[in-house]
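Worth knowing before you read on, the calculation uses all heavy atoms, side chains too, and leaves out hydrogens, waters and symmetry mates.
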Amino acid sequence: MQRITITLDDDLVEQFEEFRKLRGYSNRSEAFRDLVRERLESDRLANGGEGECLAALTYVYNHHQRDLATRMTELSHAHHDLTVSTLHVHLSHHDCMETAVLRGPTRRVRAFANAAIAQPGVRHGKLYVLPIRASEEAHHHGDAHQPHRHLHLKPMT
């Protein structure tokens with residue numbers, strides 16, 4: 001880890017301190033690191049979004065909308081290789097919220113999310129994307145004689 005020194009004008013320091021306290025950061029370094037990570041991830045995604053990602057797609061929809069449940073199921077099945085897990089929450093007699101955890105090529109994840117959010121009857125759609133490096137590693141667990149292989153996902157920043 002390296003230590004850096006930065007100079008900020010007083011107004012920016014005040015805004016940063018307010019941000020830090022509002023978000024519950026106990027020190028400036030953690031707040032600054034998170035802001036830098038967020039910006040680096042945002043720029044990486046805005047400039048092509050190549051590579052793998054882990055993402056959370058959340059949307060609210062009216063399950064009484066004509067054929068929407070069928071369309072959403074068909075869309076999900078057509079992209080089953082991207083889906084890690086889903087969560088379905090009943091909000092009311094009409095509205096549901098779903099969150100899908102997705103993993104795969106960033107362009108494909110975004111295309112799937114855009115297609116889901118654009119369905120008539122879907123509201124409040126949002127995609128959170130985390131660029132990752134995926135690697136498969138072998139290691140031992142306790143007394144096991146044979147190594148186990150695991151997929152490890154590492155955030156890019």
Side-chain angles (χ1 to χ4, degrees), residues 1-2 16 19-20 22-27 29-157:
M1 192 169 290
Q2 294 184 29
F16 179 71
F19 165 83
R20 184 184 65 79
L22 264 169
R23 297 289 176 97
Y25 289 102
S26 61
N27 62 62
S29 292
E30 279 303 315
F32 184 75
R33 278 191 287 269
D34 278 356
L35 287 171
V36 170
R37 281 185 200 109
E38 183 179 320
R39 180 55 190 254
L40 291 172
E41 289 168 7
S42 174
D43 283 357
R44 185 178 293 112
L45 292 170
N47 294 322
E50 297 299 324
E52 297 285 308
C53 74
L54 186 65
L57 169 62
T58 300
Y59 53 92
V60 173
Y61 68 97
N62 179 341
H63 71 266
H64 290 296
Q65 179 82 25
R66 183 181 175 119
D67 297 325
L68 179 58
T70 301
R71 288 194 315 265
M72 295 305 284
T73 300
E74 288 172 357
L75 184 63
S76 293
H77 280 273
H79 297 87
H80 66 90
D81 58 316
L82 299 176
T83 303
V84 175
S85 183
T86 58
L87 170 69
H88 182 91
V89 179
H90 299 279
L91 301 177
S92 69
H93 291 292
H94 301 284
D95 295 315
C96 297
M97 180 177 76
E98 285 194 353
T99 297
V101 177
L102 308 168
R103 183 181 71 228
T106 303
R107 287 188 193 278
R108 289 194 58 228
V109 167
R110 282 192 181 283
F112 169 69
N114 289 340
I117 292 169
Q119 293 294 316
V122 172
R123 307 188 294 275
H124 310 291
K126 185 76 172 168
L127 179 68
Y128 172 78
V129 178
L130 176 66
I132 59 167
R133 265 190 215 104
S135 64
E136 194 172 300
E137 298 178 16
H139 55 270
H140 292 279
H141 287 273
D143 295 336
H145 296 288
Q146 296 292 327
H148 298 309
R149 299 194 67 72
H150 295 281
L151 181 64
H152 289 253
L153 307 176
K154 182 176 184 187
M156 297 287 278
T157 54

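- The distance from atom CD of Gln119 to atom CG of Leu75, rounded to the nearest 0.5 Å, is 6.0 Å.
- Distance alone, capped at 3.5 Å, is enough to place a donor-acceptor pair between the Asn27 side chain and the Glu30 backbone.
- A distance of 11.0 Å separates CD of Gln65 from CG of Asp95, quoted to the nearest 0.5 Å.
- In plain terms, the two heavy atoms of Pro120 and Arg71 that are nearest each other are O-NH2, 3.0 Å.
- Nearest heavy-atom pair, Lys126 versus Ile117, reported as atom, atom and distance to 0.1 Å: N-CD1, 3.9 Å.
- The aromatic rings of Phe32 and Phe16 lie perpendicular to each other, with more than 60° between the two planes, well past the 30° mark.
- If you take OG1 on Thr58 and NE2 on His124, they are separated by 12.5 Å, rounding to the nearest 0.5 Å.
- Nearest approach of Ala31 to Phe19, heavy atoms of both residues: CB-CE2, 4.3 Å.
- Side chains of Leu68 and Asn62 form no contact here, defined as non-hydrogen atoms less than 4.5 Å apart.
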* Asked: Between Asp34 and Arg23, does a salt bridge (Lys or Arg N to Asp or Glu O under 4.0 Å) hold up when you go through it step by step?
  -> CA-CA 11 Å; Asp34 278 356; Arg23 297 289 176 97; over 6 Å; no
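- Considering CZ of Arg103 and CD1 of Ile132, their distance stands at 6.5 Å, rounded to 0.5 Å.
- Across all non-hydrogen atoms, the minimal contact from Val129 to Pro131 is O-CD, 3.8 Å.
- Within a 6.0 Å radius of NE2 in His88, other residues, nucleotides and ligands contribute more than 12 heavy atoms.
- Side-chain contact between Val122 and Met72: present, with at least one pair of heavy atoms (C-beta onward) separated by less than 4.5 Å.
- Contact detail for Ala100 and Thr86: the closest heavy-atom pair is CB-CG2, 3.9 Å.
- A donor-acceptor contact shorter than 3.5 Å is absent between the side chain of Ser85 and the backbone of Val101.
- Taking all atoms of both residues into account, the shortest heavy-atom contact from His63 to Ser92 is CE1-O, 4.5 Å.
- The structure places CG of Leu54 at 9.0 Å from OH of Tyr128, a figure rounded to the nearest 0.5 Å.
- The shortest side-chain heavy-atom distance between Pro105 and Glu52 falls under the 4.5 Å cut-off.
- Separation of atoms OH (Tyr59) and CG (Leu127) is listed at 12.0 Å; rounding is to 0.5 Å.
- Within the 3.5 Å criterion, the main-chain N or O of Tyr25 finds a donor-acceptor partner in the side chain of Arg20.
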